[in-house]
Amino acid sequence: MTMDNADIASVFRELADLLELKGENPFKIRAYRRAADTIESLPEDAAALAAEGRLKSIEGIGEAIEKKTAELAGTGKLRLLEELRHEVPPGLRDMLRIPGVGPRTAAAVFRHLGIASVDELEKAARDGRLKDVPGMGTKTAENILRAVERLREEHWTRIPLGVALMLARSILDTVARVDGVREAAAAGSLRRWRETCGDLDIVVGAEKGGPVMEAVSAWHEVSEILSVGEERGSFATRGGVNVDVWVVPPAEFVAALHHATGSKAHNVRLRGIARERGLKINEHGVFLRDGGRLAVATEEDIYAALGLQYVPPELREDTGEIEAALEGRLPDLVQEKDILGDLHVHSDWSDGISSIKAMADAARARGYEYIAICDHSRSLGIAGGLTGDEVLRQAEFIADLRRHLDGITVLCGIEVDIKKDGTLDLPDEVLARLDVVVASVHSSFKQSREMMTERIIRAMRNENVDIIGHPTGRVLGRRDAYDVDMQRVIEEAARCGVALEINAYPERLDLDSGWARRAKDAGAVLAVNTDSHSFDQLGYMIFGVGVARRGWLERSHVVNAWPLGRLREWLSRSRNHRA
DNA sequence: TGCATGAATGCAACAGAGATCCATCTCTG
């Protein structure tokens, strides 16, 4: 059995939970959680690093965690974990998933009643036995019953960014109509443009919280009110999404928005820096030690007070942005207005629903210089894929159309299928005659890591290929990424001068921001494309730009932020640089 | 547990709101 980084991370998370249930040293628990996060996002194989004794050189990982990783990789087990599982029944850990039940509560219930599973807890809450536990009363029992019920009926998954944005718009509309509301905005992971959101954080500037909370309670999407105070309210929607509303005096809006935007790790770092400078920062503002308040009119002011360059929300993850801001070397992030074209859209020649003309008109309306029509190739029969002849006919059609179109250049391209063995679905002679070739995997997702990696690398070495489309193949909430050594793909892309796509389609967002950043670091270029299947989907670009920004990309890293001349140069040059 | 300091030991560490048990727990970024 092999242990990948995700497996190892989940073992350390379990270890941390069990230790917490035992009431162990909080620093130890934190160390395991931190190591789990680190290992999970490690581009290299943690087990291999541990075997070579190199894992402990990573910040936050020491001798003990390296040894445990090696033990896990070698034996598939961890002695300490087995012992802990014996002491702390696994059902106790399940209980932590119930909102309102934390380690203290779970441990107390086990100690006093011997309850060690969600089912038993539910029974005890129902027949009144919970009241025998010190610190628990009827109200707590009721809350637990409700929470368990909710846990059963709802699938607790994170929602895609696109869905979160729609929900946020709807609730912001509701809130904006409330008397006395001056400002309202979405914060949290949505404002940081994370690919998926666990919940929604809405910050409202108003003198009184009551009316806002009432309006949200009456909002048609709300199915349950979890808690409501003057400043904070927590709600559940029908779709099982948690919405947290923070109402603050208008003067504190900026501080509250900043706080609620997070990330938690970023906030913790900022507070540490504030302390070093004799300041205190919280959701109400920035304060001097003696309690005096610093004037904060914008988020820029908050960072300036701490001696930091302004950090855009997309970078607030404590993944190096604090250090960069201290040294004044944050990237000049690419913006939506920098995007000059879309290099991967479909038309009604394959499975799109808009005509090429309609796509071109919509692109021009967005202010683009160019758009590349890249319909599917023949093997994707279900999507009406084009044969070589049809592609060439389409190219002639586009050439003809160009004569009647002003203000936008339509490039002819193809989204050519990468077949199982890494060869392409159309002959080289056809591909060579097109402006843009996007190559993508649409089949045999279950191939081994080695085969999939070789398959994509072989495609990149074809001198006609310009862009690898949706490189990991994941579809949010529907399909996991296929198993591929993305680090190798990135290195090869950098070597061949092939761009990796950030597919902006809200359910894909593939590459994700983590890989996008690594690709940039490796010297690869990226293309942010919508994969639109109708003209109105060109608007998905904003999601892709969000991912690009989270990936620390500047305009120079994104080929479709380049003017047509430079893009054409790259398109022709990239065809002469292969192995 | 990790890390820094000085070689085995001490220390690390955000801050606030809401709920219920009114002091403690859980949750939020």
Side-chain angles (χ1 to χ4, degrees), chain A residues 12 15-16 19-20 23-36 38 55-69 80 95-109 112 130-144 146-147 186-192 194 197-203 209 213 225-235 242-248 252 255-276 279-287 313 316-318:
Chain A
F12 285 130
L15 212 50
L19 291 171
E20 196 169 36
E24 264 271 12
N25 176 359
F27 296 101
K28 196 189 271 194
I29 295 161
R30 239 168 46 127
Y32 282 126
R33 297 225 164 101
R34 190 171 164 211
T38 306
L55 192 65
K56 62 175 174 296
S57 61
I58 292 167
E59 174 89 31
I61 296 179
E63 197 77 47
I65 287 179
E66 175 170 281
K67 268 178 70 182
K68 288 187 178 67
T69 304
L80 176 63
M95 281 163 47
L96 298 179
R97 297 195 359 252
I98 304 171
V101 176
R104 312 289 187 125
T105 306
V109 162
H112 287 91
L130 269 193
K131 273 177 292 192
D132 300 341
V133 181
M136 304 194 76
T138 36
K139 203 79 184 183
T140 311
E142 280 172 28
N143 287 344
I144 285 178
R146 255 207 315 274
S189 41
L190 176 56
R191 183 155 179 253
R192 302 200 309 278
R194 269 197 65 164
C197 299
D199 64 3
L200 235 51
D201 298 284
I202 304 294
V203 182
M213 298 304 174
I225 300 165
L226 303 172
S227 74
V228 168
E230 184 60 22
E231 291 182 43
R232 294 186 192 180
S234 188
F235 308 85
N242 257 57
V243 179
D244 294 313
V245 178
W246 320 51
V247 183
V248 299
E252 296 182 0
L257 179 67
H258 178 268
H259 170 81
T261 298
S263 67
K264 178 180 171 181
H266 180 84
N267 287 355
V268 169
R269 287 292 307 276
L270 287 192
R271 287 177 183 201
I273 291 175
R275 275 162 59 108
E276 285 168 21
L279 296 169
K280 197 175 90 171
I281 171 170
N282 59 32
E283 59 263 55
H284 301 294
V286 184
F287 301 89
R316 299 181 193 166
E317 301 288 350
D318 190 23

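Chain naming here is simple, since letters A, B, ... match the order of the sequence lines and numbering starts at 1 in each. No hydrogens, no waters, no symmetry mates; every other heavy atom, side chains included, goes into these values.
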### Message
Once you apply a heavy-atom cut-off of 4.0 Å, does A:Pro103 come out as touching a base, just sugar-phosphate, or nothing?
### Response
sugar-phosphate
### Task
Report the relative orientation of the aromatic rings in A:Tyr32 and A:Phe12; use parallel for angles under 30°, tilted for 30 to 60°, perpendicular for over 60°.
parallel
### Task
With heavy atoms under 4.0 Å as the rule, sort A:Lys280 into base, sugar-phosphate or nothing.
sugar-phosphate
### Message
With a 4.0 Å cutoff (strictly under), does any side-chain N or O of A:Asn267 reach OP1 or OP2 of B:dC14?
### Response
no
### Task
Answer yes or no: does a side-chain N or O of A:Arg232 lie under 4.0 Å from OP1 or OP2 of B:dG18?
no
### Toward the 5' end of DNA chain B, by each residue's nearest nucleotide, A:Gly100 or A:Thr140
A:Thr140
### Query
Using a cut-off of 4.0 Å on non-hydrogen atoms, how would the nucleic acid contact of A:Ile29 be classed: base, sugar-phosphate, or nothing?
nothing
### Query
Is A:Leu270 touching bases, backbone alone, or none of the nucleic acid, heavy atoms closer than 4.0 Å?
nothing
### Task
Could you tell me which non-hydrogen atom of A:Leu96 sits nearest to which non-hydrogen atom of A:Pro103, and how far apart they are?
CD2-N, 3.5 Å
### Message
In whole Å, measure the gap between the P atoms of B:dA13 and B:dG18 for me.
### Response
28 Å
### Summary
Those stems involving DNA chain B that have three or more consecutive Watson-Crick or G-U pairs, both distances under 3.5 Å, are B:1-5 with B:8-12, B:14-20 with B:23-29
### Message
Considering every strand and a 4.0 Å limit on heavy-atom distances, what is the contact class for A:Lys68: base, sugar-phosphate, or nothing?
### Response
sugar-phosphate
### Task
Let me know, please, whether A:Arg275 or A:Gly137 comes out on the 5' side of the other along DNA chain B by nearest nucleotide.
A:Arg275
### Task
With the side chain of A:Asn143 defined as its heavy atoms from C-beta on, choose the nearest nucleotide among B:dA13, B:dT26, B:dA19.
B:dA19
### Task
Please work out if A:Thr261 contacts a base, only the sugar-phosphate, or nothing of the nucleic acid, heavy-atom cut-off 4.0 Å.
sugar-phosphate
### Message
What is the separation between atom CG on A:Asn25 and atom P on B:dG2, rounded to the nearest whole Å?
### Response
12 Å
### Message
Taking any heavy-atom pair under 4.0 Å as a contact, classify A:Lys139: base, sugar-phosphate, or nothing.
### Response
sugar-phosphate
